[in-house]
Number of protein chains: 2
Amino acid sequence: MENKMNIENTQSQMRRGILEFCILSVIRRGEAYPSDIVEEMKESKLQVLEGTLYPLLTRLKNAGMLTYRWVESNSGPPRKYFSLTDQGETFYKQLEGTWNELANAVNKLKNKEESLKPVTEETAAPMQDPNTETEEQPQ
Amino acid sequence: MENKMNIENTQSQMRRGILEFCILSVIRRGEAYPSDIVEEMKESKLQVLEGTLYPLLTRLKNAGMLTYRWVESNSGPPRKYFSLTDQGETFYKQLEGTWNELANAVNKLKNKEESLKPVTEETAAPMQDPNTETEEQPQ
DNA sequence: ATACAGTACTATGTGTTACAAAGTACCGTA
DNA sequence: TACGGTACTTTGTAACACATAGTACTGTAT
């Protein structure tokens, strides 16, 4: 019964669907390897963790949206530098459209006025006090 | 290996984290029962299905964010009219803040210029042609 | 009264996916 | 040759949207 419903979780849920889009957006601006991406996302106040990013990149690569090449590093093992394929570019543009529509819809919804429907109770017959928290079925 | 990666799925994922916020936003403007909400969301281009909405409302109610009362209908069984509790109002405002930050971050990210980092290959030693899709580890 | 269709709500199973945490492998330096 | 840092991988868990089927109440036609 008791439910947590903490903000962190909800924030994480909100990021969820947008991560893919954001990561494609970062890679689109130029080849990047995972730690680059984590860093840039953090700067943009969009946290991503390694355990999230790696599987996501693999998924996008297997779907043909990304390619990578190995590049040596002088401070550790070689890195996978990712870049968008043509298909990835197309996909990105579709996602951009989706994001714009979504953001627009949400903003319209949340700014909507205290609409014209002030509780249209068809028969206007409240069966229970609004403040009573009963679980029973009516009747 | 082969991956689907269809737009519908991603769109659904994008909606995912935002649904809770949108539904609270609808209820906040005045008591509403589930079919009301489904309808209003559809008008706003934010599809929600019954199977999604009912559990979500139950979850929010169990967390103390919503209350409901039964109201008779003359075209079927009685309806559960939901409204925000004080706690729900507070929660909504937090989510609104989260949404604003998120939307802002995404828009900044996607409009960022072709930044100043044109593939900073530390040693500038590509180990593989970018267009070759090999799975092998280097060396 | 009885069957039927419409509306409202409930319950269950499935797939996707973010995150946590532990593990593997490569590199340069002491 | 041991050690610390960096890069990548793997596995398990929990949250949640969605599809689907099911229950229950209502008014209307037979």
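In what follows, chains carry the letters A, B, and so on, assigned in the order in which the sequence lines appear, proteins first and then strands, with residues in each chain numbered from 1.
- Counting to the nearest Å, the P atom of C:dA18 and the CD1 atom of A:I37 are 14 Å from each other.
- A sub-4.0 Å separation between OP1 or OP2 of C:dC26 and a side-chain N or O of A:K80 is absent.
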Test log, rule salt bridge (Lys or Arg N to Asp or Glu O under 4.0 Å), inputs A:R79 and A:E72: CA-CA 6 Å; A:R79 300 162 176 174; A:E72 281 182 357; over 6 Å; no
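- Contact check for A:Y33 versus A:V71: no side-chain heavy atoms found under the 4.5 Å cut-off.
- Atom P of nucleotide C:dA8 and atom CG of B:L53 are separated by 13 Å, given to the nearest angstrom.
- At D:dC8, one or more side-chain N or O atoms of A:Y54 fall inside 4.0 Å of OP1 or OP2 (strictly under the cut-off).
- Listed by first and then second residue, the salt bridge (Lys or Arg N to Asp or Glu O under 4.0 Å) pairs that reach into residues 87-99 of chain B are A:K110-B:E96, B:R28-B:E89, B:E89-B:K93, sequence neighbours excluded.
- Straight-line distance from the CE atom of B:M14 to the P atom of C:dA18: 12 Å, rounded to whole Å.
- Side chains of A:S83 and A:L66 form no contact here, defined as non-hydrogen atoms less than 4.5 Å apart.
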I'd like a table of atom pairs between the protein and nucleotides 17-21 of chain D - only N or O on both sides, under 3.5 Å - with the distance next to each one.
| from | atom 1 | to | atom 2 | distance (Å) |
| --- | --- | --- | --- | --- |
| D:dA17 | OP1 | B:R16 | O | 3.4 |
| D:dA17 | OP2 | B:R59 | NH2 | 3.3 |
| D:dC18 | OP1 | B:S12 | OG | 3.4 |
| D:dC18 | OP1 | B:R15 | NH2 | 3.3 |
| D:dC18 | OP2 | B:T52 | OG1 | 3.0 |

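- Between the CE atom of A:M5 and the P atom of D:dA14 there is a distance of 17 Å, given to the nearest Å.
- In this structure, of C:dC26, C:dC9, C:dT16, it is C:dC9 that holds the atom nearest to the side chain of B:Y33.
- Applying the side chain to side chain donor-acceptor pair (under 3.5 Å) criterion to A:E43, with sequence neighbours excluded, gives no partner residue.
- Contact annotation: B:S75 does not reach the phosphate of D:dT26 (side-chain N/O to OP1 or OP2, under 4.0 Å).
- When the nearest nucleotides of DNA chain C are assigned to B:Q13 and B:S35 by heavy-atom distance, the more 5′-ward of the two goes with B:S35.
- Between B:T10 and B:I7 the shortest side-chain heavy-atom distance does not fall below 4.5 Å.
- When the P atom of D:dC16 is taken as reference, atom CD1 of B:I23 falls 12 Å away, rounded to whole Å.
- For B:W70, counting side-chain heavy atoms from C-beta on, the closest listed nucleotide (C:dC9, C:dT17, C:dC26) is C:dC9.
- Between A:Y68 and A:F82, the ring center distance clears the sub-6.0 Å criterion.
- Computed from coordinates, the A:N74 CG to D:dT6 P distance equals 12 Å when rounded to whole Å.
- Atom CD in A:E72 sits roughly 13 Å away from atom C1' in C:dG28 (whole-Å rounding).
- For the OP1/OP2 pair of C:dC19 and a distance below 4.0 Å, the side-chain nitrogens and oxygens of A:N9 include no atom meeting the criterion.
- One can place CZ of B:R79 at 16 Å from C1' of D:dA24, the figure rounded to the nearest angstrom.
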